[in-house]
Protein chains: 2
Amino acid sequence: MTSRSAPPARDRLADAALSLFDERGYDQTTVDDIVERAGVGRSTFFRYYGSKEAVVFPDHDGLLDAIRARLATSSDATALVAVSDAVRLVLLHYLEEGEIARRRYALTSKVSALRDREIASVARYQRLFREFITAWMGDEAPGAALRAELMAAAVASAHNHVLRRWLRGECQDPLAELDAAMQEVIALFTAPAPTADGAGTTVVAFQSSQPLDALLPALRRLLAEDGPAK
Amino acid sequence: MTSRSAPPARDRLADAALSLFDERGYDQTTVDDIVERAGVGRSTFFRYYGSKEAVVFPDHDGLLDAIRARLATSSDATALVAVSDAVRLVLLHYLEEGEIARRRYALTSKVSALRDREIASVARYQRLFREFITAWMGDEAPGAALRAELMAAAVASAHNHVLRRWLRGECQDPLAELDAAMQEVIALFTAPAPTADGAGTTVVAFQSSQPLDALLPALRRLLAEDGPAK
DNA sequence: CATTTGGACGGTACTCAGTTCCACGCCAGG
DNA sequence: CCTGGCGTGGAACTGAGTACCGTCCAAATG
């Protein structure tokens, strides 16, 4: 209505909000300020964004659904690998946002309310991971639930670590770093196969007539499978 | 003023709030309702509790300080052990609260705003752990930061796992379970000795003319030493 | 005893986020 | 022409949180 060639009201609201947050800070910006700059009515703001915070975090819910879908159709050998793969979706989403993601990071670094909200979002991913892993390995053994919890936390943390490095510009190839980090996470949980009594460490020794190089691919495959490791 | 033998206003407010939350639910209870039942003025409520949510989470800040102090004076062999020890303070705090902690758990399970706030609190503990671990092992090697992140997340998750089990009454000796969980966490990170270059999982393949049985004793001796394994 | 001072409390008025409801304009298709 | 959706604007309301001030009480001080 106000100007007919302008981009859709939703985008104007986001632009107005982010620029005002940059100029005056988040707390010093009221919703009235935002709608005034965007040239729309106050109702319109809350129609598009459920809250003032939601302008900053537009689509966590959609991403959560995408991950759920990915996990549902995933046919990976182990739950941890499937989750490590699914979490790439999250990183990819941020990478596609590009500069927007960095502006948001600058905001969340300053405003604790926004930081808390982002942490809550991450916790939802982590919860989804945990539920998936728990479902994957029935809750047979005691300690399975704890293990699932640890795995989900590790995947989420490793992702956040790489994401923050990229957001701070300390990282040239975030996807490669994510893969490396996930390798480390998987190695964490596949290596020692902790026995019930605690001090773990299963060792498999074997003899082969083939050179080391010929054995490596098979070794990798074995390590990736791991499984119950009773 | 209203009644002179009553317990201090702060406690009356907490009681009134929690009972009203139980009766009508959190969202359906206004601060006016609370102060009316407590028989105090509205200003008094916000004097004691900075927000409506804060009635439910009284002393996370104090606990955070206690942990900081504990970590500062800790002279443990490794950072992970020190953190695993410090996190006992958190669990002990909840255990001392007893029934109050369970009422809070029932609330946070229903009200997402409260759940989010609790998650944010936990994230602060985790951040403190991460900073401590990072400081302990200088940031020499690349991958050290990730490792610190994973350790902190593992400790926090293991604690939360045990805490939730106790809150749900699935647990008779929570401190013992916490110790066991921390053992598992420590085992996770001490076993495989990840190499400096990132991709973890060192595999040693060798060929020997001797039968497997002859090699086992030597293998055991090697594994018992383990140590740095650079 | 009178006065002062400081702290705890109550009350009022305000800002702002978020909700609800309604009214208006615009653009189909009948 | 009008009719029924649909996006929008606007007004009024609730409730959390803040700022400020007045009051009461009690202990300290003369």
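Letters go in sequence order (proteins before strands), and every chain restarts at 1.
Closest non-hydrogen pair, B/Leu175 versus B/Leu91, comes out as CD2-CD2, 3.9 Å. Closest non-hydrogen pair, B/Arg42 versus B/Val35, comes out as CA-CG1, 3.8 Å. Across every non-hydrogen atom of A/Arg124 and B/Asp116, the tightest pair is NH2-OD2, 3.4 Å. Among all heavy-atom pairs drawn from B/Ala148 and B/Arg130, the shortest one is CB-O, 4.3 Å.
Donor-acceptor pairing under 3.5 Å, judged by distance alone, is present between the side chain of A/Arg42 and the base of C/dG18. Contact annotation: side chain of B/Ser43 to base of C/dG11, donor-acceptor pair present below 3.5 Å.
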Between protein and nucleic acid, restricted to nucleotides 5-7 of chain D and to nitrogen or oxygen atoms under 3.5 Å apart, what atom pairs and distances do you find?
none

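At whole-Å resolution of the value, CD in A/Gln28 and C1' in D/dT18 are 14 Å apart. Atoms CZ (A/Arg10) and C1' (D/dT8) sit 16 Å apart, rounded to a whole Å. Rounded to whole angstrom, the span from the OH atom of B/Tyr49 across to the C1' atom of C/dA8 amounts to 15 Å. A/Phe46 has its CZ atom 17 Å from the P atom of C/dC21, to the nearest Å. The distance between atom CZ of A/Phe45 and atom P of C/dT20, rounded to the nearest whole Å, is 17 Å. Regarding B/Asp32, its CG atom lies at a distance of 12 Å from the P atom of C/dT12, rounded to whole Å. Here the C1' atom of nucleotide C/dC16 and the CG atom of A/Asp27 are 12 Å apart, to the nearest Å. Rounded to an integer number of Å, the gap from CD of B/Glu36 to C1' of C/dG11 is 16 Å.
Annotation: side chain to side chain donor-acceptor pair (under 3.5 Å) contacts involving residues 46-55 of chain B, sequence neighbours excluded, comprise B/Glu53-B/Arg117.
Looking at heavy-atom distances under 4.0 Å, A/Thr30 makes contact with sugar-phosphate atoms alone, never a base.
Side-chain atoms of B/Lys52 lie closest to D/dG17 of the nucleotides D/dG17, C/dT19, C/dC9.
Of the residues A/Asp85, A/Leu128, A/Leu89, A/Ile133, the one that meets the side chain to side chain contact (heavy atoms under 4.5 Å, CB included) test with A/Leu71 is A/Leu128.
Two rings, from A/Tyr125 and A/His60, have their centers less than 6.0 Å apart.
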